[in-house]
Amino acid sequence: MSAAELDRAVTLLVRQVGHWQQPRWSAKAEGGNVSRADLVHKLVQEIANLAADAAGEPRREVPRLPSDQALPDQLRVVTADLTLAAPPAPVLAEAAEAITRTRTAL
């Protein structure tokens, strides 16, 4: 897994959800009991945790912003942090798999 492949996974997810308005974010994710926004925020936190671990920094809680429409931008930021930490390929693969799982559930 390369950083370019991870970026591709993020791009696909952002294209899928980047135009959503609040009602779509509030809808339940497929096969679950949480909203789509909650599911994407969980993904953002997961990627942020991977980035912190790769950089040797403490994990921090990613704030839930007032507008769910900011979630795609938050995902881009934490993914850039992960890429800058230059983790090994298996960590990038783990992140890409999490993104793909989330895309499927949306």
Side-chain angles (χ1 to χ4, degrees):
M1 173 64 59
S2 70
E5 291 169 311
L6 178 60
D7 183 60
R8 171 92 172 123
V10 170
T11 298
L12 289 172
L13 179 63
V14 168
R15 283 184 186 161
Q16 180 178 343
V17 303
H19 62 281
W20 285 2
Q21 298 298 317
Q22 192 57 46
R24 286 188 83 176
W25 283 110
S26 298
K28 296 288 182 206
E30 188 172 316
N33 60 356
V34 298
S35 72
R36 291 170 170 166
D38 290 340
L39 189 65
V40 174
H41 185 263
K42 181 179 179 263
L43 172 66
V44 168
Q45 185 65 61
E46 186 175 345
I47 303 297
N49 290 345
L50 290 172
D53 293 347
E57 297 179 3
R59 291 181 174 188
R60 296 176 184 90
E61 185 177 337
V62 177
R64 186 67 182 263
L65 300 177
S67 173
D68 293 329
Q69 292 171 313
L71 287 165
D73 291 333
Q74 284 186 303
L75 179 61
R76 285 183 182 129
V77 169
V78 297
T79 303
D81 290 344
L82 177 59
T83 302
L84 286 173
V91 174
L92 294 175
E94 182 180 348
E97 288 170 16
I99 292 166
T100 301
R101 268 193 321 272
T102 301
R103 279 189 64 223
T104 302
L106 294 173

- Message: With a sphere of 6.0 Å drawn around CZ of Arg15, does it hold more than 12 non-hydrogen atoms of other residues, nucleotides or ligands?
- Response: no
- Please tell me if the side chains of Lys28 and Val34 come closer than 4.5 Å, counting only heavy atoms from C-beta onward. no
- Query: What pairs with Glu57 under salt bridge (charged side-chain N to carboxylate O under 4.0 Å, His left out), at least two apart in sequence or on another chain?
  - Reply: Arg60
- Item | Among Asp7, Ile47, Leu92, side-chain contact (heavy atoms from CB on, under 4.5 Å) partner for Thr79 | Ile47
- Query: Out of curiosity, Gln21 CD to Ser26 OG, how far, rounded to the nearest 0.5 Å?
  - Reply: 11.0 Å
- Task: Check whether Leu13 and Val77 end up in the same hydrophobic cluster, where Ile, Leu, Val, Met, Phe, Trp and Tyr are linked by side-chain heavy atoms less than 4.5 Å apart.
- Result: no
- Could you go through the side chain to side chain contact (heavy atoms under 4.5 Å, CB included) check for Leu71 and Leu65 one step at a time? CA-CA 8 Å; Leu71 287 165; Leu65 300 177; over 6 Å; no
- Item | Pairwise distance CD(Gln16) to OG1(Thr11) - rounded to 0.5 angstrom | 12.5 Å
- Query: Heavy-atom distance under 4.5 Å between the side chains of Leu106 and Trp20, does that happen here?
  - Reply: yes
- Under 3.5 Å: donor-acceptor pair, side chain of Glu5, backbone of Ser2: yes
- Item | Glu30 side, atom CD; Leu39 side, atom CG - distance, nearest 0.5 Å | 11.0 Å
- Query: Tell me, do Arg24 and His19 make a side-chain contact under 4.5 Å, heavy atoms counted?
  - Reply: yes
- Query: Salt-bridged, Arg36 to Asp68, with N to O below 4.0 Å?
  - Reply: no
- Message: Testing the basics here: between Ala54 and Ala85, what is the closest heavy-atom pair and its distance to 0.1 Å?
- Response: CB-CB, 3.7 Å
- side chain to side chain contact (heavy atoms under 4.5 Å, CB included) evaluation trace for Gln45 with Arg59: CA-CA 9 Å; Gln45 185 65 61; Arg59 291 181 174 188; 5.7 Å; no
- Message: So Leu82 and Pro87, do their side chains get closer than 4.5 Å, heavy atoms only?
- Response: yes
- Item | Heavy-atom pair with the smallest gap, counting every atom of Leu6 and Ala96 | CD1-N, 3.7 Å
- Smallest separation among heavy atoms of Gln74 and His41, with atom names: OE1-CD2, 4.4 Å
- Lys/Arg N to Asp/Glu carboxylate O, Arg101 vs Glu46, below 4.0 Å: yes
- Any chance you could lay out the side chain to side chain contact (heavy atoms under 4.5 Å, CB included) test for Val62 and Asn49, step after step, and finish with the verdict? CA-CA 9 Å; Val62 177; Asn49 290 345; over 6 Å; no
